[in-house]
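In what follows, chains carry the letters A, B, and so on, assigned in the order in which the sequence lines appear, proteins first and then strands, with residues in each chain numbered from 1. What you see is a predicted model; the values in this text were computed from it and never measured.
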Amino acid sequence: MSKTFQNISGTFDILPDAFNADGTVIESSASWHFVEERIREVMAHYRYLEIRTPVFEPTELIARGVGELTDIVSKELFSFERGDTHYVLRPELTAPAIRAYLQHHLAQKGGVQKLFYMGPCFRAEKPQKGRYRQFHQFGVEVIGASDARADAETVAVMMQIYASFGLKDLVLKINSLGDEQTRPAFKNALQEYFEPLASELSDTSRRRLKTNPLRILDTKVEREQELVKGAPRLIDYIDDASREHYEAVKGHLSDLEISYTEDPFLVRGLDYYTRTAYELDSPHLGAQSTLAGGGRYDLLAQELGSSEAIPAVGFAAGLERLFLALAGEGVKLPDAVKTDVYIVAQGEAAEKWAFKTANEWRSSGLHVAFDLQGRSMKAQMRDANRHGASKVVIVGEDELTSGKAIVREMETGDQETVPLHDLLDRLRDVVR
RNA sequence: GUGGCCGUAGCUCAGUCGGUUAGAGCGCCAGGUUGUGGCCCUGGAGGUCGGGGGUUCAAUUCCCCUCGGUCACCCCA
């Protein structure tokens, strides 16, 4: 009758050590802290300020913001309701960020808002490598700037984050999707081109011809790739202003010495992108390849109720995929915070002393640990070693009566006797 | 949602062509050192062989179902 519980499929626990009870290798909480902090540092240098929004939002916001017809909205939302209100767990963070921008009238603060976010998102997909039902994204939104430098800067901060981890196997792809006329027109052109060739297409491609003809373009079937060569090109359907903007973005990227590949078939999955679209790929993500994706979405604010157009550009990136890339390139992440001092106590009086002293030293800035099971000295020493303690303070009956304790350097095994009232000063050098 | 593969100790796995008390390494606990870690030696704890049903004298081993994991498709971070 007694049965323990398990985390929901597609979710995972982040433990102090880098493994889960089910054998799944998930990075340790220390690794997460390290990665998150590094991201925050870079964001701070670029002067992006954090925005935190709730993990659930009204269904309507997400449906409008992400697009009713996208897979995300049509089949991947976790939804629930109370009374007449329908809610969803957020599947991404751009729509919530724009919602907050409009709700709090951030435009009235003047200038351009440069925001970043980091937190969990939820999609009801079947989990696989690099894809989870609760996953974590970070990203930026530059709101209120149509300048091509804004596009380029979001790419720059993104690249800087990955570069700061020492990642090398990165491929940056960019494209322009044109204005709101462009995609439908291009889609029609593709359908007209492939329709007569339908009999030569694979089943999946024939299905895509109806639903999402753009995806035929990145088919892996060789015979179809031949057909794709003759297909219409998106670039020919783009309006002049978008084309100019695209050229400007590319120029700025070159100025920043960011290398990229132009991919005329790159289309982002979400409905709201216009003009610039980009994607950062890594070969270490299993069947997935996208580390981060972004672009411009000048129409989104209006879609979410703004009376005027508000230009915006940004990217979203997956933390789990970042970890996969780091593992794939052999980047070492730090272990848990080490212990400065471990107090080994023998006897009731010494245990009492250790308990009280540990607390004092901790408030003085030391990382202090001690045994909570009243175990043997040997067991405590072993525990100290496991903690990676750099020093051990040994206290027993003798030490308390003589007013001196033993300080042991764990690395060398050197020991010395130190008066109890000098201990803290003696130990401080551990933390510089 | 569909499909492939997998499911034996905390972890990584071996094993049983169906047959007495299911193994190893690592980890954990303890002893070797009655007050001292890491190395070494010795011992110990820990498994309803994912769960349910079936076939059989007998199932962890064969069959069915189910649950879980994983990878892939679709799509995406």
Side-chain angles (χ1 to χ4, degrees), chain A residues 2-3 5-10 12 15 17-25 66 69-76 90-94 117-139 158 203-204 207-208 211-212 214-215 218 220 267-270 279-282 285-294 315-325 342 344-347 350 371 373 375-399 405-415:
Chain A
S2 68
K3 195 180 176 190
F5 294 96
Q6 211 173 4
N7 63 294
I8 289 166
S9 172
F12 53 87
L15 304 177
D17 289 317
F19 65 85
N20 270 355
D22 62 6
T24 323
V25 176
V66 179
L69 299 178
T70 59
D71 280 16
I72 293 176
V73 168
S74 63
K75 61 181 197 192
E76 296 169 3
R90 64 188 186 194
E92 54 100 57
L93 279 157
T94 295
Y117 56 76
M118 179 149 56
C121 294
F122 307 83
R123 292 182 195 173
E125 297 183 277
K126 187 122 171 189
Q128 68 187 74
K129 189 171 186 180
R131 163 183 297 165
Y132 302 91
R133 292 184 149 195
Q134 174 173 342
F135 59 105
H136 299 77
Q137 285 195 341
F138 66 92
M158 177 181 83
D203 288 347
T204 44
R207 182 159 35 79
R208 284 167 171 168
T211 57
N212 192 355
L214 294 130
R215 292 207 63 89
D218 55 27
K220 291 177 181 61
V267 198
R268 308 275 334 130
L270 284 58
E279 183 173 300
L280 187 65
D281 286 0
S282 163
L285 309 182
Q288 268 60 243
S289 60
T290 309
L291 223 37
F315 72 81
L319 264 310
E320 288 80 2
R321 292 186 184 179
L322 170 54
F323 279 112
L324 283 177
Y342 191 105
V344 170
Q346 286 293 284
D371 171 65
Q373 298 180 97
R375 298 196 292 173
S376 71
M377 181 163 193
K378 181 173 182 157
Q380 291 186 47
M381 287 300 294
R382 196 166 42 233
D383 200 35
N385 191 59
R386 214 174 354 234
H387 273 77
S390 58
K391 287 179 168 58
V392 163
V393 169
I394 300 168
V395 195
E397 307 288 334
D398 301 349
E399 285 74 15
I406 296 167
V407 175
R408 179 183 178 88
E409 294 284 346
M410 290 300 272
E411 186 126 351
T412 60
D414 296 341
Q415 295 192 170

Integer-rounded Å distance: B/rG32 P and A/Arg382 CZ: 12 Å
Residue A/Arg408, side-chain atoms from C-beta onward, closest of B/rA72, B/rC75, B/rG38: B/rG38
Closest to the A/Arg386 side chain, choosing from B/rC29, B/rG37, B/rC75: B/rC29
Sugar-phosphate only, base, or nothing, as touched by A/Glu279 at under 4.0 Å among non-hydrogen atoms: nothing
Euclidean distance, atom CD of residue A/Gln128 to atom C1' of B/rG3 [Å, nearest integer]: 12 Å
Polar pair under 3.5 Å, donor/acceptor by atom type, side chain A/Asn385, base B/rG37: yes
B/rA58: pairing nucleotide in any strand, Watson-Crick or G-U under 3.5 angstrom: none
Partner nucleotide of B/rG37 by Watson-Crick or wobble geometry (both distances under 3.5 Å): none
Nearest-angstrom distance, C1' atom, B/rC5 to B/rA9: 24 Å
Rounded distance in Å - CE (A/Met381) to P (B/rG38): 9 Å
Base-pairing assignment for B/rG1 (Watson-Crick or G-U wobble, both under 3.5 Å): B/rC73
Interatomic distance at P, B/rG35 relative to B/rU21, whole Å: 43 Å
Distance, rounded to the nearest Å, where A/Asp71 contributes CG and B/rC76 contributes P: 6 Å
Rounded interatomic separation in angstrom, taking CG from A/Leu285 and C1' from B/rC71: 15 Å
A/Tyr132 backbone acceptor or donor facing A/Arg123 side chain under 3.5 Å: no
Pairing partner (Watson-Crick or G-U wobble, both distances under 3.5 angstrom) of B/rG47: none
Length of the line joining A/Arg375:CZ and B/rG35:C1', which is rounded to integer Å: 16 Å
B/rG19 to B/rC41 separation - P atoms, rounded to the nearest Å: 34 Å
Residue-phosphate contact under 4.0 Å: A/Ser9 side-chain N/O, B/rG68 OP1/OP2: no
Salt-bridge contact A/Lys391-A/Glu409 (side-chain N to carboxylate O under 4.0 Å): yes
Whether A/Arg321 side chain and A/Gly130 backbone form a donor-acceptor pair below 3.5 Å: yes
Touch class at under 4.0 angstrom, heavy-atom based, for A/Gly130 against every strand present: base
Donor-acceptor pair present, A/Glu399 side chain and B/rG35 base, under 3.5 Å: yes
Partner of A/Phe315 by side-chain contact (heavy atoms from CB on, under 4.5 Å), out of A/Gln137, A/Met158, A/Glu279: A/Met158
Check: A/Gln134 side chain, A/Pro120 main-chain N or O, donor-acceptor pair, under 3.5 Å: no
side-chain contact (heavy atoms from CB on, under 4.5 Å) evaluation trace for A/His387 with A/Met410: CA-CA 11 Å; A/His387 273 77; A/Met410 290 300 272; over 6 Å; no
Selected nucleotide, minimal atom distance to A/Gln288 side chain, candidates B/rG35, B/rC71, B/rC76: B/rC76
Rounded distance in Å - CG (A/Leu324) to C1' (B/rU70): 14 Å
Integer angstrom distance from the C1' of B/rG27 to that of B/rU2: 40 Å
Listed nucleotide nearest any side-chain atom of A/Arg123, set B/rC76, B/rU36, B/rA72: B/rC76
Rounded distance (Å) that lies between atom P of B/rC29 and atom CD of A/Gln380: 12 Å
Any donor-acceptor N/O pair under 3.5 Å between B/rU2 base and A/Lys126 side chain: yes
Pair A/Gln415-A/Arg408, side chain to side chain donor-acceptor pair (under 3.5 Å): steps then yes or no: CA-CA 4 Å; A/Gln415 295 192 170; A/Arg408 179 183 178 88; 2.7 Å; yes
Same-atom distance (C1') from B/rA14 to B/rC26, integer angstrom: 14 Å
Pair assignment for B/rA22, Watson-Crick or G-U wobble, requiring both distances under 3.5 Å: none
